[in-house]
Number of protein chains: 2
Amino acid sequence: MNGGDGPKSYAKNSEYQKQLLGYSKKVMNELIQQQLDVGSNPHFDPCNPFRIADFGCSTGRNTYIAAQNIIEAVEQKYESNEEDPQVPEFFVFFNDLVQNDFNTLFNYIHSNKPNYFGAGVPGSFHGRVFPKAFLDIAHSSMALLYLSRIPEEVKDRKSGAWNKGRIHYSCSGAAKEVEAAYSTQFRKDIESFLDARAEELIPGGLMVIITLGILDGVLPSECSMGLNFSILGSCLEDMAKMGIISEEKLDSFNLPYYYTSQMELETLIKAHGCFDIARFEKLPTPFRQVVHDIQTVVLSLRAVTEGLFEEHFGKDVIEELFQRYAEKVGSHPVLYDNRYRTDANYFVFLKRKTYTSKPGT
Amino acid sequence: MNGGDGPKSYAKNSEYQKQLLGYSKKVMNELIQQQLDVGSNPHFDPCNPFRIADFGCSTGRNTYIAAQNIIEAVEQKYESNEEDPQVPEFFVFFNDLVQNDFNTLFNYIHSNKPNYFGAGVPGSFHGRVFPKAFLDIAHSSMALLYLSRIPEEVKDRKSGAWNKGRIHYSCSGAAKEVEAAYSTQFRKDIESFLDARAEELIPGGLMVIITLGILDGVLPSECSMGLNFSILGSCLEDMAKMGIISEEKLDSFNLPYYYTSQMELETLIKAHGCFDIARFEKLPTPFRQVVHDIQTVVLSLRAVTEGLFEEHFGKDVIEELFQRYAEKVGSHPVLYDNRYRTDANYFVFLKRKTYTSKPGT
């Protein structure tokens, strides 16, 4: 993610992610009213602060909005508890990788004078970042699609999953084995994420996941992101042919994103066994109703991917890469043709089961 | 504080502060064994993580060392509890102002693979930054000497406390009224600090304060810092005379530090009423036994003060100011004469009384 607060920052280019939070607000509120057992669960002690964590918070206003939405819903739930309508204090924990720009995040949160206590928690959410049974509600929006690592075999020329000349499994012409390698890594990542959250959440604690995925049965190369990455990849291919980057550099680069289907994610959560699925539904896709602005599309993708390209290919090629991308994407039907819009945003509402460890462990 | 990890950073120039933590380790450990009621205080529930906060943590290794020292002592105390020797998980909270460089702090802590969960808590410790009764132990080292603001009257030419041409009340020739104005501000700051911690600590919770002060009865202008600030101020005076900075700029600048005496701080804590003083003692003064190295002295002072000078006088004059200071201090007896070493480092160990609010409120 691009840190800071400048025109190319993630903070300034995450409108898509913000709209998803808006779409999910109502259903999340309904489910919190239904599923939060404030009266009956002794873990929700009104003498303790109510503890919320946002996993993969990044630096901008979206994590602030997510926290506000959850707090509003929890307040409503407490206030409706006739036996004890006392609302607890709130403590919100913002988690992201150590490299995240927490300075920018803290400045943003602070300048909005939040009505809760706030803390930043650095560390990978694929491991434990909180003590046992510490959290009441966990939230993660648009973060689980990032793989913790690129599967080794897609960079291995001896493997059938070698993704030569392409930057993602969704790029046009990628072998099925490449997607399979990504899928295996995603399964491991979901398991480690759920393992950690199962320990950190109180029994009966809740978890909201919003993630970008793909409709069941759709080919990755036919979803918007697949098409975007094909175009971005073809720009790098052009630059390799012109000798601006080396072919070897291109072959060893792959984007760390995975677009799950509803069926795949549901199966993984059920197999994990520590969470009940209270709701799994598709959210509307932002930007559908508006006239597409090339600049917005380019900046949105750039804010999220620039750091990855810079780290691998060096700072010097970034400007040229995104200029080429802007030219190609502007003349490509991807932005104007609804047939291509087969990506999907999933809203998943989970409840930590009340036994304390994974079945069979 | 200078952020980052470069040669002029606070992280690399805080050996003095580190040595104080070393001096206090043994006595702090002894007092934690005596005062931490893990067996009898129901607030220390082994199912909950043990919560420690460092107030005014800054960016470097000292906050890491402080946390380690406390954790070692608490572990020892739990292990010696024969009825239930189970050691809880630890959650350490690093607090400083929003402007603190938390990115550098998190990188440092993470690279040391701590055996506790860690979080950054941005916000002024003169107000609440944690929920009620959330903390088991609070710690603050070399942070309470920073005033939350400069008293208005020292910048007011109509006031008897106007500190014309000087940068601190400890500078040679400053009026008594200037010191009195600083002292009044210090009293307010200690009160707001203790008010907030009294709410945040559990009943029976502990607090360690290490602060730089002055021996009872000593004149501020006779302590090392007073002499250092007199020299630094005289460099600015020279620069004002040469027209490098304006006289008005110099008159409106004052350093936000206050050096309390034992008598003054003890009186304020007792008057506050929420804490019992378990120990109040003087720590040895670091750097006494070693041959003084001008470069170390200059960098230590620069790491702490540079930001303040830069904000007020602009970036351009900093290099010249500290060059002039290095020249003057190198030829001045302050570093070589023990008569001048009448500053004092105080170690204060407090215990939150078990009633929940301030007497009379």
Side-chain angles (χ1 to χ4, degrees), chain A residues 3-4 42-43 45-53 57 59 86-124 127-136 196 199-200 202-203 356, chain B residues 3-4 42-43 45-53 57 59 86-124 127-136 196 199-200 202-203 356:
Chain A
H43 292 280
D45 174 355
C47 293
N48 279 327
F50 194 94
R51 298 153 191 169
I52 298 161
C57 65
T59 58
Q86 193 196 333
V87 178
E89 291 183 316
F90 289 90
F91 205 163
V92 181
F93 297 87
F94 299 98
N95 159 262
D96 212 312
L97 294 175
V98 177
Q99 306 89 289
N100 186 48
D101 183 356
F102 283 94
N103 289 342
T104 294
L105 173 68
F106 288 166
N107 272 320
Y108 178 78
I109 302 274
H110 181 77
S111 65
N112 279 286
K113 303 192 191 316
N115 60 347
Y116 51 80
F117 299 99
V121 177
S124 164
R128 291 273 303 282
V129 285
F130 289 99
K132 280 180 200 145
F134 186 79
L135 296 174
D136 299 313
E199 290 216 66
E200 293 167 357
I202 61 163
T356 54
Chain B
H43 293 280
D45 175 354
C47 293
N48 278 327
F50 195 94
R51 298 151 192 171
I52 298 161
C57 64
T59 57
Q86 194 195 330
V87 178
E89 291 183 315
F90 289 90
F91 204 164
V92 181
F93 296 88
F94 299 98
N95 159 262
D96 211 313
L97 294 175
V98 178
Q99 306 90 287
N100 186 48
D101 183 356
F102 283 94
N103 289 341
T104 295
L105 172 68
F106 287 167
N107 272 319
Y108 178 77
I109 302 276
H110 180 78
S111 65
N112 279 287
K113 303 193 191 317
N115 59 347
Y116 50 79
F117 299 99
V121 178
S124 165
R128 291 272 304 283
V129 287
F130 289 99
K132 278 180 201 145
F134 186 79
L135 295 174
D136 299 312
E199 291 215 66
E200 293 167 356
I202 61 164
T356 54

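So you know, we letter chains A, B, ... as the sequences are listed, proteins then strands, and number each from 1.
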| said: Counting the benzene-type ring for Trp, do Phe134(A) and Phe117(B) have ring centres under 6.0 Å apart? | reply: no
| field | Pick from Ala119(B), Gly120(B), Pro88(B) with the largest number of heavy-atom pairs that fall under 4.5 Å of chain A | value | Gly120(B)
| said: List the residues meeting side chain to side chain donor-acceptor pair (under 3.5 Å) with Asn103(A), not counting sequence neighbours, and say none if there are none. | reply: Asp101(B)
| request: Pick one of side chain, backbone, both or neither for Phe93(A), based on which atoms fall under 4.5 Å of a heavy atom in chain B. | output: side chain
| query | Do you know which of Gly123(B), Pro122(B), Gly118(B), Pro49(B) has the most heavy-atom pairs with chain A at a distance under 4.5 angstrom? | reply | Pro122(B)
| field | Min side-chain heavy-atom separation Asp136(B)-Phe90(B) under 4.5 Å | value | no
| query | Checking heavy atoms, do the side chain of Val121(A), its backbone, both or neither come under 4.5 Å from chain B? | reply | both
| task | Apply side chain to side chain contact (heavy atoms under 4.5 Å, CB included) to Asn48(B) and list each qualifying residue two or more places apart in sequence or on a separate chain. | result | Asp45(B), Arg51(B)
